[in-house]
Amino acid sequence: MPELPDVEIFRRLVSEHCRGRVIDQATVNDPGIIEGISPDHLERQLRGRRIQSAERHGKHLFIVVESARALVMHFGTNGSLQLVPAAGTVPEFTRAELTFSGGDGLAYVNPRRLGRISLCDSVTSFVARSGLGPDALDAGFKVAVFTSILGLRKRAIKAVLMDQKLMAGIGNIYSDEVLFQARIYPGTAAASLARETAAALFRTMRETLEEAIRCGAGAEQAAGRLPADFLLPHRHPGGTCPRCHTLLATVKGGGRTGYYCPRCQPAS
DNA sequence: TTAAGTGTTGCTCT
DNA sequence: AAGAGCAACACTTA
(Lines give C-alpha, C1' and ligand atoms only; values in the text may rest on other atoms or scores of the structure.)
Protein backbone atom coordinates (compact mmCIF):
# COMPACT_ATOMS: atom_id res chain seq x y z
CA MET A 1 0.00 0.00 0.00
CA PRO A 2 2.51 2.69 0.86
CA GLU A 3 3.38 4.36 -2.42
CA LEU A 4 4.12 8.04 -2.90
CA PRO A 5 0.72 9.44 -1.78
CA ASP A 6 0.64 7.24 1.31
CA VAL A 7 4.17 8.12 2.33
CA GLU A 8 3.36 11.80 1.79
CA ILE A 9 0.50 11.43 4.28
CA PHE A 10 2.98 9.92 6.77
CA ARG A 11 5.37 12.80 6.09
CA ARG A 12 2.68 15.33 6.90
CA LEU A 13 1.79 13.43 10.05
CA VAL A 14 5.38 13.67 11.27
CA SER A 15 5.75 17.25 10.13
CA GLU A 16 2.61 18.34 11.96
CA HIS A 17 2.92 16.33 15.14
CA CYS A 18 6.59 15.53 15.66
CA ARG A 19 8.55 18.47 14.32
CA GLY A 20 10.37 20.24 17.12
CA ARG A 21 9.86 17.34 19.51
CA VAL A 22 12.77 15.87 21.44
CA ILE A 23 13.26 12.13 21.13
CA ASP A 24 13.33 10.85 24.68
CA GLN A 25 13.83 7.28 23.63
CA ALA A 26 14.17 5.27 20.44
CA THR A 27 13.14 1.65 20.76
CA VAL A 28 13.84 -1.11 18.29
CA ASN A 29 11.46 -4.01 18.87
CA ASP A 30 12.52 -6.01 15.85
CA PRO A 31 16.24 -5.82 14.96
CA GLY A 32 15.49 -7.45 11.61
CA ILE A 33 13.92 -4.22 10.39
CA ILE A 34 17.08 -2.16 10.95
CA GLU A 35 19.66 -2.00 8.19
CA GLY A 36 23.33 -1.05 8.27
CA ILE A 37 23.45 -0.12 11.94
CA SER A 38 23.00 -1.95 15.22
CA PRO A 39 19.79 -1.25 17.14
CA ASP A 40 21.95 -0.11 20.05
CA HIS A 41 23.82 2.38 17.92
CA LEU A 42 20.62 3.67 16.36
CA GLU A 43 19.01 4.20 19.75
CA ARG A 44 22.07 6.10 20.98
CA GLN A 45 22.17 8.24 17.84
CA LEU A 46 18.58 9.40 18.29
CA ARG A 47 18.15 9.77 22.03
CA GLY A 48 17.96 13.38 23.18
CA ARG A 49 17.83 14.79 19.66
CA ARG A 50 15.21 17.16 18.33
CA ILE A 51 13.26 16.41 15.15
CA GLN A 52 13.91 19.13 12.59
CA SER A 53 11.81 18.16 9.61
CA ALA A 54 10.21 15.36 7.65
CA GLU A 55 11.10 14.88 4.02
CA ARG A 56 10.14 12.40 1.34
CA HIS A 57 11.66 11.05 -1.84
CA GLY A 58 9.51 8.53 -3.68
CA LYS A 59 8.44 5.89 -1.19
CA HIS A 60 11.13 6.81 1.34
CA LEU A 61 10.44 8.97 4.40
CA PHE A 62 13.25 10.90 6.08
CA ILE A 63 12.94 12.13 9.63
CA VAL A 64 15.71 14.69 9.94
CA VAL A 65 17.12 15.17 13.44
CA GLU A 66 19.17 18.10 14.67
CA SER A 67 22.48 16.33 14.28
CA ALA A 68 21.70 16.78 10.56
CA ARG A 69 21.45 13.04 10.16
CA ALA A 70 18.17 11.47 9.17
CA LEU A 71 16.19 8.37 10.02
CA VAL A 72 15.20 6.70 6.75
CA MET A 73 12.01 4.67 6.59
CA HIS A 74 10.69 2.42 3.88
CA PHE A 75 7.30 0.82 4.43
CA GLY A 76 7.52 -2.21 2.20
CA THR A 77 4.14 -3.57 1.19
CA ASN A 78 2.02 -2.65 4.15
CA GLY A 79 3.88 -0.64 6.77
CA SER A 80 2.53 2.50 8.39
CA LEU A 81 3.26 5.22 10.90
CA GLN A 82 0.96 5.83 13.84
CA LEU A 83 0.89 8.36 16.65
CA VAL A 84 0.73 6.81 20.09
CA PRO A 85 -0.87 8.91 22.86
CA ALA A 86 1.00 9.25 26.14
CA ALA A 87 -1.21 6.77 27.93
CA GLY A 88 -1.79 4.55 24.91
CA THR A 89 -0.49 1.11 24.10
CA VAL A 90 1.52 0.62 20.92
CA PRO A 91 -0.28 -0.99 17.97
CA GLU A 92 0.30 -4.64 17.08
CA PHE A 93 3.35 -5.23 14.85
CA THR A 94 5.15 -2.12 16.04
CA ARG A 95 8.75 -2.78 14.93
CA ALA A 96 10.25 0.46 16.24
CA GLU A 97 9.08 3.41 18.26
CA LEU A 98 10.15 6.95 19.05
CA THR A 99 9.00 8.22 22.41
CA PHE A 100 8.93 11.98 22.98
CA SER A 101 9.60 13.93 26.12
CA GLY A 102 5.86 14.38 26.64
CA GLY A 103 5.36 10.63 26.86
CA ASP A 104 3.59 10.26 23.54
CA GLY A 105 5.25 8.60 20.61
CA LEU A 106 5.45 7.55 16.99
CA ALA A 107 5.17 3.87 16.07
CA TYR A 108 6.60 2.27 12.93
CA VAL A 109 4.15 -0.54 12.29
CA ASN A 110 4.90 -3.27 9.77
CA PRO A 111 3.10 -6.64 9.93
CA ARG A 112 5.02 -8.31 7.12
CA ARG A 113 8.44 -6.98 8.04
CA LEU A 114 9.25 -6.12 4.44
CA GLY A 115 10.16 -2.50 5.21
CA ARG A 116 13.48 -1.12 6.36
CA ILE A 117 14.76 1.55 8.72
CA SER A 118 18.25 2.98 8.47
CA LEU A 119 20.22 6.13 9.15
CA CYS A 120 21.70 8.44 6.53
CA ASP A 121 23.74 11.64 6.43
CA SER A 122 21.40 13.51 4.13
CA VAL A 123 18.47 12.97 1.82
CA THR A 124 20.50 13.78 -1.27
CA SER A 125 23.35 11.43 -0.40
CA PHE A 126 20.89 8.63 0.33
CA VAL A 127 19.05 9.17 -2.96
CA ALA A 128 22.32 9.23 -4.90
CA ARG A 129 23.69 6.13 -3.16
CA SER A 130 20.45 4.21 -3.74
CA GLY A 131 20.33 5.20 -7.39
CA LEU A 132 16.76 6.45 -7.11
CA GLY A 133 15.31 8.47 -9.96
CA PRO A 134 13.63 11.86 -9.47
CA ASP A 135 10.65 11.97 -7.13
CA ALA A 136 7.54 11.69 -9.30
CA LEU A 137 6.04 14.81 -7.70
CA ASP A 138 9.18 16.91 -7.35
CA ALA A 139 8.87 20.42 -8.80
CA GLY A 140 12.25 19.97 -10.46
CA PHE A 141 11.07 16.89 -12.35
CA LYS A 142 10.17 18.44 -15.68
CA VAL A 143 8.11 17.04 -18.50
CA ALA A 144 11.15 17.02 -20.82
CA VAL A 145 12.98 14.68 -18.45
CA PHE A 146 9.92 12.44 -18.25
CA THR A 147 9.50 12.18 -22.01
CA SER A 148 13.20 11.49 -22.52
CA ILE A 149 13.05 8.66 -19.97
CA LEU A 150 10.13 7.14 -21.87
CA GLY A 151 11.66 7.70 -25.25
CA LEU A 152 14.60 5.45 -24.46
CA ARG A 153 12.58 2.51 -23.15
CA LYS A 154 11.05 -0.33 -25.05
CA ARG A 155 9.58 -1.76 -21.87
CA ALA A 156 5.89 -1.58 -20.99
CA ILE A 157 4.92 1.88 -19.79
CA LYS A 158 3.64 0.35 -16.54
CA ALA A 159 7.06 -1.16 -15.79
CA VAL A 160 8.78 2.14 -16.55
CA LEU A 161 6.49 4.10 -14.19
CA MET A 162 7.20 1.56 -11.44
CA ASP A 163 10.98 1.50 -11.91
CA GLN A 164 12.35 3.40 -8.89
CA LYS A 165 15.65 3.96 -10.65
CA LEU A 166 13.92 5.88 -13.45
CA MET A 167 11.48 7.79 -11.25
CA ALA A 168 10.60 7.27 -7.61
CA GLY A 169 7.28 6.85 -5.86
CA ILE A 170 4.95 4.84 -8.08
CA GLY A 171 4.13 1.20 -7.40
CA ASN A 172 1.67 -1.35 -8.70
CA ILE A 173 -1.47 0.41 -7.45
CA TYR A 174 -0.71 3.92 -8.65
CA SER A 175 0.77 2.85 -11.98
CA ASP A 176 -2.62 1.26 -12.65
CA GLU A 177 -4.42 4.38 -11.43
CA VAL A 178 -2.30 6.79 -13.48
CA LEU A 179 -2.59 4.73 -16.68
CA PHE A 180 -6.33 4.38 -16.18
CA GLN A 181 -6.72 8.15 -15.76
CA ALA A 182 -4.56 8.69 -18.85
CA ARG A 183 -6.45 5.97 -20.76
CA ILE A 184 -3.29 4.18 -21.77
CA TYR A 185 -2.95 0.40 -22.01
CA PRO A 186 -0.35 -0.73 -19.41
CA GLY A 187 1.50 -2.95 -21.87
CA THR A 188 2.19 -0.13 -24.34
CA ALA A 189 5.90 0.19 -25.11
CA ALA A 190 7.05 3.41 -23.42
CA ALA A 191 9.00 4.58 -26.45
CA SER A 192 6.02 4.11 -28.76
CA LEU A 193 4.00 6.85 -27.04
CA ALA A 194 3.78 10.03 -29.08
CA ARG A 195 5.51 13.01 -27.48
CA GLU A 196 2.18 14.75 -26.79
CA THR A 197 0.73 11.55 -25.30
CA ALA A 198 3.75 11.23 -23.03
CA ALA A 199 3.45 14.88 -21.99
CA ALA A 200 -0.24 14.38 -21.21
CA LEU A 201 0.63 11.26 -19.21
CA PHE A 202 3.10 13.30 -17.18
CA ARG A 203 0.43 15.84 -16.28
CA THR A 204 -2.09 13.11 -15.48
CA MET A 205 0.50 11.36 -13.29
CA ARG A 206 1.07 14.49 -11.23
CA GLU A 207 -2.64 15.34 -10.96
CA THR A 208 -3.57 11.80 -9.97
CA LEU A 209 -0.91 11.61 -7.25
CA GLU A 210 -1.86 15.05 -5.94
CA GLU A 211 -5.54 14.17 -5.91
CA ALA A 212 -4.81 10.95 -3.99
CA ILE A 213 -2.87 12.93 -1.39
CA ARG A 214 -5.66 15.49 -1.14
CA CYS A 215 -8.09 12.66 -0.38
CA GLY A 216 -5.93 11.24 2.37
CA ALA A 217 -4.52 8.49 0.16
CA GLY A 218 -3.74 4.96 1.29
CA ALA A 219 -5.82 4.01 4.27
CA GLU A 220 -8.90 1.97 3.54
CA GLN A 221 -11.19 4.63 4.93
CA ALA A 222 -9.80 7.05 2.35
CA ALA A 223 -11.15 4.88 -0.47
CA GLY A 224 -14.59 6.32 0.09
CA ARG A 225 -13.25 9.83 -0.24
CA LEU A 226 -11.51 9.27 -3.56
CA PRO A 227 -13.11 10.75 -6.68
CA ALA A 228 -15.78 8.51 -8.18
CA ASP A 229 -13.71 7.93 -11.31
CA PHE A 230 -10.73 6.45 -9.45
CA LEU A 231 -9.83 2.88 -10.37
CA LEU A 232 -8.33 2.07 -6.97
CA PRO A 233 -11.47 0.85 -5.16
CA HIS A 234 -12.37 -1.31 -8.16
CA ARG A 235 -9.06 -3.02 -8.85
CA HIS A 236 -9.84 -6.50 -7.62
CA PRO A 237 -11.07 -9.68 -9.32
CA GLY A 238 -14.56 -9.06 -10.64
CA GLY A 239 -14.20 -5.28 -10.39
CA THR A 240 -15.70 -3.07 -13.08
CA CYS A 241 -14.64 0.20 -14.69
CA PRO A 242 -15.95 3.22 -12.74
CA ARG A 243 -16.51 5.00 -16.07
CA CYS A 244 -18.06 2.43 -18.40
CA HIS A 245 -18.69 -0.54 -16.09
CA THR A 246 -16.79 -2.96 -18.31
CA LEU A 247 -15.28 -5.89 -16.40
CA LEU A 248 -11.67 -4.99 -15.63
CA ALA A 249 -8.95 -7.07 -17.24
CA THR A 250 -5.55 -7.96 -15.78
CA VAL A 251 -2.07 -8.02 -17.20
CA LYS A 252 0.83 -9.85 -15.56
CA GLY A 253 4.29 -8.37 -15.44
CA GLY A 254 7.22 -8.43 -13.09
CA GLY A 255 5.47 -10.92 -10.87
CA ARG A 256 2.51 -8.69 -10.16
CA THR A 257 -0.95 -8.07 -11.49
CA GLY A 258 -2.02 -4.90 -13.21
CA TYR A 259 -5.70 -4.00 -13.61
CA TYR A 260 -7.05 -1.98 -16.51
CA CYS A 261 -10.25 -1.31 -18.42
CA PRO A 262 -10.08 -3.05 -21.82
CA ARG A 263 -12.56 -0.55 -23.23
CA CYS A 264 -11.11 2.73 -21.90
CA GLN A 265 -7.50 1.56 -22.29
CA PRO A 266 -7.45 -0.54 -25.46
CA ALA A 267 -4.20 -2.15 -26.56
CA SER A 268 -3.24 -0.47 -29.78
C1' DT B 1 -6.61 -24.88 2.72
C1' DT B 2 -4.41 -22.66 -0.74
C1' DA B 3 -2.97 -18.70 -2.96
C1' DA B 4 -2.55 -13.99 -3.96
C1' DG B 5 -0.67 -9.59 -2.78
C1' DT B 6 1.34 -4.47 -1.52
C1' DG B 7 7.85 -3.64 -2.68
C1' DT B 8 12.74 -4.57 -3.05
C1' DT B 9 16.74 -7.21 -3.95
C1' DG B 10 19.40 -10.28 -6.22
C1' DC B 11 19.94 -13.81 -9.35
C1' DT B 12 19.44 -16.16 -13.95
C1' DC B 13 18.42 -16.12 -18.74
C1' DT B 14 17.80 -14.04 -23.27
C1' DA C 1 23.12 -4.17 -21.77
C1' DA C 2 18.34 -3.85 -21.27
C1' DG C 3 14.83 -6.29 -19.69
C1' DA C 4 12.02 -10.32 -18.35
C1' DG C 5 11.09 -13.78 -14.83
C1' DC C 6 11.50 -15.74 -10.47
C1' DA C 7 12.26 -16.60 -5.48
C1' DA C 8 12.73 -14.77 -1.04
C1' DC C 9 11.25 -11.93 2.81
C1' DA C 10 6.32 -12.48 6.71
C1' DC C 11 1.78 -12.29 7.25
C1' DT C 12 -3.15 -11.34 6.24
C1' DT C 13 -7.17 -12.00 3.73
C1' DA C 14 -10.22 -14.08 0.26
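Here is how names work: the chains are called A, B, and so on, in the same order as the sequence lines, proteins then strands, and each is numbered from 1.
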Out of [options], whichever nucleotide has its closest atom nearest the side chain of [X]:
{"X": "A:Lys154", "options": "B:dG7, C:dC11, C:dG3", "value": "C:dG3"}
{"X": "A:Lys252", "options": "B:dG5, C:dG3, C:dA10", "value": "B:dG5"}
{"X": "A:Tyr259", "options": "B:dG5, C:dA4, C:dC11", "value": "B:dG5"}
{"X": "A:Thr77", "options": "C:dC11, C:dA4, B:dG7", "value": "B:dG7"}

Quick one: [X] [atom1] to [N] [atom2], roughly how many Å, whole number?
{"X": "A:Leu61", "N": "B:dG7", "atom1": "CG", "atom2": "C1'", "result": "16 Å"}
{"X": "A:Lys165", "N": "B:dG10", "atom1": "NZ", "atom2": "C1'", "result": "11 Å"}
{"X": "A:Ile157", "N": "C:dA2", "atom1": "CD1", "atom2": "C1'", "result": "16 Å"}
{"X": "A:Leu152", "N": "C:dG3", "atom1": "CG", "atom2": "P", "result": "9 Å"}
{"X": "A:Asn78", "N": "C:dA10", "atom1": "CG", "atom2": "P", "result": "13 Å"}
{"X": "A:Lys59", "N": "B:dG7", "atom1": "NZ", "atom2": "P", "result": "5 Å"}
{"X": "A:Ile173", "N": "B:dG5", "atom1": "CD1", "atom2": "P", "result": "10 Å"}
{"X": "A:Phe10", "N": "B:dG7", "atom1": "CZ", "atom2": "P", "result": "13 Å"}

More than 12 heavy atoms of other residues, nucleotides or ligands under 6.0 Å from CZ of A:Arg195: yes or no?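 No, the 6.0 Å shell around CZ holds no more than 12 heavy atoms from other groups.
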Any donor and acceptor pair, going by atom type alone, linking the side chain of [X] with main-chain N or O of [Y] inside 3.5 Å?
{"X": "A:Gln265", "Y": "A:Cys261", "answer": "yes"}
{"X": "A:Glu3", "Y": "A:Ile173", "answer": "yes"}
{"X": "A:Arg155", "Y": "A:Ile157", "answer": "no"}
{"X": "A:Asp121", "Y": "A:Arg69", "answer": "no"}

Sugar-phosphate only, base, or nothing, as touched by [X] at under 4.0 Å among non-hydrogen atoms:
{"X": "A:Phe93", "answer": "sugar-phosphate"}
{"X": "A:His74", "answer": "sugar-phosphate"}
{"X": "A:Arg116", "answer": "nothing"}

According to the interplanar angle, ranging from 0 to 90°, do the rings of A:Phe202 and A:Phe146 count as parallel (below 30°), tilted (30 to 60°) or perpendicular (above 60°)? tilted
Parallel, tilted or perpendicular for A:Phe126 and A:Phe62, by the 30°/60° rule?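 If you compare the ring of A:Phe126 with that of A:Phe62, the planes turn out perpendicular.
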With Watson-Crick and G-U wobble geometry limited to distances under 3.5 Å, how should the secondary structure of DNA chain C be encoded in dot-bracket form, using | for bases paired to another strand and [ ] for crossing pairs? .||||||||.||||
hbond_proxy A:Arg153 side chain to C:dG3 base (donor-acceptor, 3.5 Å cutoff): no
Could you check whether any side-chain heavy atom of A:Leu106 comes within less than 4.5 Å of a side-chain heavy atom of A:Arg21, counting everything from C-beta outward?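 Side chain of A:Leu106 against side chain of A:Arg21, heavy atoms only: no contact under 4.5 Å found.
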On a whole-Å scale, what distance lies between the C1' atoms belonging to C:dC9 and B:dT1? 22 Å
Below the 4.0 Å mark, does B:dA4 have OP1 or OP2 next to a side-chain nitrogen or oxygen of A:Thr257? no
